[in-house]
Number of protein chains: 2
Amino acid sequence: MIRRFRGESLNKVDAKGRVSVPAAFRRVLEEGDPDFSEGSYPNFVIVYGGVRGNCLEGYTINSITKVDKLISKLPRFSREREILERFINTQSTYMQLDETGRIVLSIRLKEKIGIKDEAIFAGMGEKFQIWEPTNYQNEVDALNTSFENLPEDENPFLKLDQLQD
Amino acid sequence: MIRRFRGESLNKVDAKGRVSVPAAFRRVLEEGDPDFSEGSYPNFVIVYGGVRGNCLEGYTINSITKVDKLISKLPRFSREREILERFINTQSTYMQLDETGRIVLSIRLKEKIGIKDEAIFAGMGEKFQIWEPTNYQNEVDALNTSFENLPEDENPFLKLDQLQD
DNA sequence: TGCCATCTTATGGGATATCATGGAAATTTA
DNA sequence: TAAATTTCCATGATATCCCATAAGATGGCA
């Protein structure tokens, strides 16, 4: 089975910026790190740029490597590549879980998304997101509204099956 | 895992031109220098020519070697090759980290990119860049603008997925 | 099915190491 | 020998490591 990021969790952020990554996510990060072995702690990548930039996004090493490989196919000095490198490499950072399954969010990262002493972890399949709780609620509400306003023929649930191969 | 240059960092440049290279970048430089060994300090290359020339670009020994090989594939006396060699070979220099992880930017290099007493280091995957902070902000803004103005079908993020396989 | 032992998880505190930075001394270069 | 460079030492801030604990989840077993 290929495990994916699922579920959400509200965790405390302490004075040093430490937060527990939900245990279920840790399993996914372990599976997604080719260098992980029993007794070590998985590495992964947090991207903090992104189009809207009000949350952090965590990627396993394997999935970020896929992205990196795609970027590397673009001509070395092209503008396109520059844009992608700027958003995906410049605005990201390696992370490693510690012994107790925590990471530390630096002051910069916390400021970036407005986190104080709590953070929401939200599973998104190949990635997970970290939100400041209020912002998260707003995002969920906004999604609900925009979903309710969609015409029937654009209902993504219905469109899903049409994509079939 | 092949570590790449990720993240950004604002560091002080002192009167002698000394700047700390971000610790995360040092790890990449070490991995990318075939002659590096525990207890020594990695060598790398700084290119100060380049197409737009308002920043410096740092390459690991391994990645500049890759670029050199690409250049070597061009016809020996072609104009193309001449240009690339001028920008990438002539206008570049070897550097070595010192004991405390710093390099010194010569007056020439500082003038080249307008640096006074602060420098931004920006990870770009296979290379990193050094910018004067204001210029960097302008570049980021320009990138954002040019990104926002792209027609949907040229969105580099979406194109990424189309490159798939 | 109810109880206890054990493991895992989320969390906290203190000690230690690393990082970025500054200054002085030693050495080289012009 | 003055200026510039390199080497060496010093320090505050930050990040990392190590140990501790309480609550919940899990599993075995009578």
Side-chain angles (χ1 to χ4, degrees), chain A residues 3 5-31 36 38-46 48 56 58 93-112 115-123 128 130 133, chain B residues 3 5-30 38-43 46 58 93-111 115-123 128 130-131 133:
Chain A
R3 223 169 256 279
F5 295 106
R6 288 184 190 283
E8 47 191 343
S9 165
L10 171 67
N11 291 355
K12 298 249 182 292
V13 180
D14 73 15
K16 297 182 199 172
R18 293 182 299 186
V19 231
S20 289
V21 173
F25 290 10
R26 307 211 278 259
R27 301 294 94 78
V28 185
L29 293 175
E30 289 166 2
E31 285 182 15
F36 171 77
E38 213 49 55
S40 75
Y41 311 114
N43 284 98
F44 65 103
V45 169
I46 281 188
Y48 54 90
L56 309 178
T93 175
Y94 286 105
M95 290 258 135
Q96 189 175 29
L97 290 186
D98 70 13
E99 195 183 3
T100 63
R102 283 184 288 194
I103 52 172
V104 354
L105 299 178
S106 66
I107 297 168
R108 279 207 49 201
L109 285 183
K110 287 198 290 180
E111 277 174 357
K112 209 88 185 164
I115 273 184
K116 247 192 63 200
D117 57 1
E118 285 187 321
I120 297 252
F121 285 76
F128 66 89
I130 306 178
Chain B
R3 223 168 254 280
F5 292 106
R6 288 189 187 279
E8 49 192 339
S9 167
L10 170 67
N11 290 356
K12 299 250 182 290
V13 180
D14 73 14
K16 301 180 204 171
R18 293 182 302 184
V19 231
S20 288
V21 173
F25 290 10
R26 308 211 277 260
R27 301 293 96 77
V28 185
L29 293 175
E30 289 167 2
E38 212 50 55
S40 74
Y41 311 114
N43 283 99
I46 280 189
T93 173
Y94 284 105
M95 291 253 132
Q96 189 175 29
L97 290 185
D98 72 13
E99 194 185 3
T100 63
R102 284 184 286 197
I103 51 173
V104 353
L105 298 178
S106 65
I107 297 168
R108 274 203 53 196
L109 285 184
K110 286 199 290 181
E111 277 173 356
I115 273 184
K116 247 191 64 200
D117 57 1
E118 284 186 321
I120 297 251
F121 285 76
F128 67 89
I130 306 177
W131 289 83

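In what follows, every heavy atom counts, from backbone to side chain, and hydrogens, waters and symmetry copies are set aside. Order of the sequence lines fixes the chain letters, A, B, ..., with proteins taken first and strands second; residue numbering starts at 1 for each chain.
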Side-chain donor-acceptor pairs of residues 101-108 of chain A under 3.5 Å, sequence neighbours excluded:
from   : atom 1 : to     : atom 2 : distance (Å)
A:R102 : NE     : A:T100 : OG1    : 3.0
A:S106 : OG     : A:L109 : N      : 3.3

Please list each protein N or O that sits under 3.5 Å from an N or O in nucleotides 6-15 of chain D, with the distance.
from  : atom 1 : to    : atom 2 : distance (Å)
D:dT6 : O4     : B:K16 : NZ     : 3.1

### Query
Within a strict 4.5 Å, meaning less than it, do heavy atoms of the A:V28 and A:F128 side chains meet?
no
### Query
Tell me the side-chain hydrogen bond (donor to acceptor under 3.5 Å, both in side chains) pairs involving residues 16-25 of chain B, sequence neighbours left out?
B:D14-B:R18
### Query
Got a sec? Which of residues 19-28 of chain B come in under 4.0 Å of DNA chain C, heavy atoms?
B:S20, B:V21, B:P22, B:A23, B:R26, B:R27
### Message
I'd like to check A:Y41 versus A:D98 (side-chain heavy atoms, cut-off strictly below 4.5 Å). Are they in contact?
### Response
no
### Message
Roughly what angle, to 10°, lies between the helix axis at the start of the helix from C:dT1-D:dA30 to C:dA30-D:dT1 and the one at its end, five pairs per end?
### Response
40°
#### Entry: B:R27: side-chain contact (heavy atoms from CB on, under 4.5 Å) partners, not counting sequence neighbours
B:R3, B:A23, B:E30
### Message
In this structure, how many angstroms lie between the C1' atom of D:dT5 and the CG atom of B:D14, rounded?
### Response
12 Å
### Task
For DNA chain C, note the earliest and the latest nucleotide, 5' to 3', having some atom under 4.0 Å of a heavy atom belonging to chain B.
C:dC19 to C:dA24
#### Entry: Rounded distance (nearest 0.5 Å) linking atom CZ of B:F5 with atom CG of B:L29
4.0 Å
## Note on the structure
By side chain to side chain donor-acceptor pair (under 3.5 Å), B:N43 pairs with (sequence neighbours left out) none
### Task
Can you measure from CG (A:L10) to CD (A:E118) and round to the nearest 0.5 angstrom?
4.5 Å
### Message
So, using side chain to side chain donor-acceptor pair (under 3.5 Å) as the criterion, who are the partners of A:E8 when residues are at least two apart?
### Response
A:Y136
#### Entry: Closest heavy-atom pair and its distance - B:R26, B:V21
NH1-O, 2.6 Å
### Query
Do the side chains of B:I46 and B:I130 get nearer than 4.5 Å, heavy atoms only?
yes
### Task
With sequence neighbours left out, write down each residue that passes side chain to side chain donor-acceptor pair (under 3.5 Å) with A:T93, or none if nothing qualifies.
none
